[in-house]
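Counting begins at 1 with the first residue of the sequence.
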Amino acid sequence: MNKWQRRTAAYSLGLLGLMAAFAVGYYYGMRLFEGDPKTFVHSFRVVVETFTTTGYGSDAPWATPEMNVFVAVMDLTGVALIFMALPAFVFPLMEDAFATTVPQTVVDDYSDHVVVCTYTSRAGALVADLESRDVAYVIVEPDREQAIELYEDGVDVVHADPESVSGLRGAGLASARALVADVSDRVDASIVLAAREANEDVPIVSVVEDPDRIPYHRLAGADDVLSPRPLLGRSLASKVTMSVSMDAADAVEIRDGFEMAEFPVHPGSELQGTTLARSGIRERTGVNVVGAWFNGEFETPPDPETRLTDGTVLLVTGRKDQLEALMEITQSEFRRFERGETLVIGYGHVGKSIADELDTAGVPHTVVDASADVDGVDVVGNAVEPETLRAAGIEDARSVILALPDDTLTEFATLVIRELSPATEVIARVEESGSIQKMYRAGADYVLSLAAVTGRMIASTVIDGEDVLALDRQIEVVRTAAPGLVGTRIGDALVRTRTGCTVVAINRDGALITEVGPNSRVRDGDKLVVAGTTEGIRAFTDAFV
């Protein structure tokens with residue numbers, strides 16, 4: 001019996017007892033004061049009529065003051081009980097009757113789907129990837145209000161407890177292609193244990209916040225345990241460490257020394273203020289600029305006349321020596337690395353990963369965090385307080401890496417940093433993909449979303465036939481077959497116009513073709529290396545895969 005049922009039972013018993021007591025009082029009152037004896041059944045009927053405000057029949061009016069007072073008290077008590085019952089019982093009952101009913105189980109023929117426990121911003125990114133690839137899924141959501149909202153938005157969801165065997169069986173785990181657990185480290189372990197009991201053979205993917213807990217999830221029965229936060233931290237740190245060594249730039253190797261990388265245009269570099277057409281990047285370095293981020297908006301191909309600013313991030317392909325040549329002209333002329341020049345704000349799992357990466361690369365840095373109880377923190381204070389940032393050396397900082405777990409706090413910290421030190425490079429992580437544009441408007445130079453990185457990691461694990469080459473970038477790079485393009489020239493198919501993606505290279509008969517243009521014709525058996533935003537990759541998949 002749940003709480004609402006217990007409350008209803010207690011109210012009903014109390015009401016029945018009170019009505020019986022009033023019936024006894026009415027029975028004796030009519031006999032003693034009115035001299036008009038009534039049966040107990042008649043007396044109980046009068047009490048019911050009073051409480052329900054349906055009338056008194058032939059008994060009214062009463063001659064004695066005592067009975068009039070008694071009936072008045074009975075009237076007030078009945079009205080009070082009715083007003084108590086309406087909000088506590090009647091309204092919720094009517095609300096339940098008219099509310100959206102969320103299914104608690106999937107239909108019998110639901111199969112080859114991904115069971116996702118539960119709905120978060122990270123799960124939202126995964127669902128978008130699954131939908132774009134026509135992979136069935138179902139969200140197991142324990143929160144009823146959240147489940148209703150998802151159901152009304154057209155999301156495949158069941159209202160059930162993902163930590164229970166019955167809830168997972170109701171989600172069709174017996175016929176699922178995989179299960180994804182991404183709530184918290186402890187809850188995920190519980191979900192994995194329940195899933196193994198419900199289906200011993202289903203592939204299970206668990207996402208952990210703390211990499212040290214990976215062994216426990218494997219012990220619980222997870223097949224793949226993903227840890228996106230350290231990956232996110234290393235990627236953010238690489239935007240700083242690439243100025244020390246191209247090896248630290250963490251470029252995406254496509255094949256045979258052919259790589260793809262993102263290069264922010266730094267303040268003071270010789271590219272700042274010029275255009276792609278006048279920069280001579282292709283002639284001077286040999287790289288191919290396949291796309292660029294301008295104030296958070298990705299363009300492919302970029303307009304040659306668009307001006308390059310310190311908020312521009314170039315997406316390029318080329319050999320390692322060519323990328324090194326580009327690195328030289330995207331950096332500012334004077335790159336001194338003195339203590340405190342790079343600030344790491346936030347020292348959770350992402351922040352620690354960033355600091356470790358900077359240590360490895362030999363980049364001096366200062367760590368700022370609100371907690372004084374963690375080893376490795378240099379300055380303790382609030383990241384949005386100017387006094388804290390000044391104490392950390394914000395005026396002399398070349399770069400700030402924001403690793404805060406709250407997007408609103410990150411946005412505000414970016415505004416404060418921009419006010420205190422306009423020339424400082426701001427690199428940031430955000431939780432949700434929807435916060436990326438706001439961060440660029442606030443003045444960030446480079447932003448990565450944990451939700452996007454996690455969604456890509458999970459999708460690359462549970463989806464067959466597509467090789468995700470870049471998990472930790474603002475763009476996605478995938479290697480995939482494209483049956484819809486076979487026999488067609490890329491220019492004729494309007495790939496860029498229709499999807500916003502660029503075909504970077506073609507794997508054909510064991511060789512890598514890097515000179516890809518509008519006249520390149522796709523053959524049967526080719527695998528294309530495609531770069532674009534998450535939305536662009538989805539559009540490419542829908543159109544050609």
Side-chain angles (χ1 to χ4, degrees), residues 124-135 252 254-255 258 260-262 276 288-304 306 312-317 433-434 436-437 440 448-449 451-453 455-460 463-508 512-545:
L126 171 61
V127 164
D129 279 334
L130 295 176
E131 288 179 339
S132 70
R133 292 160 175 82
D134 292 325
V135 176
V252 180
I254 296 174
R255 187 175 174 180
F258 186 70
M260 171 177 288
E262 293 173 328
L276 277 175
N288 182 29
V289 179
V290 298
W293 292 85
F294 298 101
N295 297 319
E297 295 289 344
F298 184 70
E299 294 184 16
T300 180
D303 186 344
T306 302
T312 302
V313 179
L314 302 176
L315 176 65
V316 302
T317 58
S433 300
I436 292 177
Q437 290 298 323
Y440 279 114
L448 271 181
S449 161
V453 172
R456 290 175 194 168
M457 291 181 74
I458 298 172
S460 67
I463 298 175
D464 298 325
E466 183 177 273
D467 185 12
V468 181
L469 302 178
L471 298 170
D472 55 339
R473 297 292 188 275
Q474 294 189 91
I475 47 85
E476 286 194 52
V477 183
V478 300
R479 183 188 288 115
T480 181
L485 286 175
V486 172
T488 306
R489 292 189 304 178
I490 292 175
D492 294 339
L494 302 176
V495 172
R496 285 179 170 175
T497 302
R498 294 173 62 185
T499 69
C501 293
T502 297
V503 179
V504 175
I506 300 176
N507 282 123
R508 176 179 295 162
L512 183 70
I513 301 172
T514 59
E515 295 297 326
V516 179
N519 293 322
S520 300
R521 191 179 297 273
V522 180
R523 299 178 186 175
D524 189 27
D526 286 353
K527 283 209 165 183
L528 310 185
V529 179
V530 184
T533 63
T534 301
E535 294 75 14
I537 294 295
R538 291 172 194 153
F540 182 88
T541 302
D542 289 340
F544 305 117
V545 178

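The side-chain heavy atoms of Phe544 and Val522, taken from C-beta on, include no pair separated by under 4.5 Å. With a 4.5 Å cut-off on side-chain heavy atoms, Val503 and Ser520 do not count as touching. Contact of the Phe540 side chain with the Thr480 side chain is registered, since non-hydrogen atoms from C-beta on lie closer than 4.5 Å. Looking at Leu276 and Thr306, their side chains never come closer than 4.5 Å, going by heavy atoms from C-beta outward. In this structure the side chain of Asp526 never reaches within 4.5 angstrom of the side chain of Leu485, judged on heavy atoms. In this structure, Thr514 and Thr317 have side chains that are not in contact, with every pair of non-hydrogen atoms separated by 4.5 Å or more.
Panel note: side chain Thr499, backbone Arg496; no donor-acceptor pair is recorded below 3.5 Å. Arg521 places a side-chain N or O within donor-acceptor distance of the main-chain N or O of Gly487, the cut-off being under 3.5 Å.
The structure places CG of Leu528 at 12.0 Å from OG1 of Thr502, a figure rounded to the nearest 0.5 Å. Taken to the nearest 0.5 Å, the CG atom of Asp492 stands 7.5 Å off from the CG atom of Leu494.
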For this session: Please step through side chain to side chain contact (heavy atoms under 4.5 Å, CB included) for the pair Phe294 and Asp303, ending with a clear verdict.
Result: CA-CA 10 Å; Phe294 298 101; Asp303 186 344; over 6 Å; no
For this session: Verify side chain to side chain contact (heavy atoms under 4.5 Å, CB included) between Val504 and Asn288, making sure each step is shown before the conclusion.
Result: CA-CA 9 Å; Val504 175; Asn288 182 29; over 6 Å; no
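When every heavy atom of Cys501 is checked against every heavy atom of Ile537, the shortest pair comes out as SG-N, 3.5 Å. In plain terms, the two heavy atoms of Ala459 and Leu126 that are nearest each other are N-CD1, 3.9 Å. The minimum heavy-atom distance linking Gly455 with Ala125 is given by the pair CA-CB, 4.3 Å. Of all heavy-atom pairs spanning Met260 and Ala531, the tightest one is CE-CB, 3.9 Å. Closest non-hydrogen pair, Ala539 versus Arg498, comes out as CB-O, 4.4 Å. Here the closest heavy-atom approach between residue Leu512 and residue Ala505 is recorded as CD1-CB, 3.8 Å.
By the neighbour-count criterion of 12 heavy atoms within 6.0 Å, atom CZ of Arg508 is densely surrounded, having more than that number from other residues, nucleotides or ligands.
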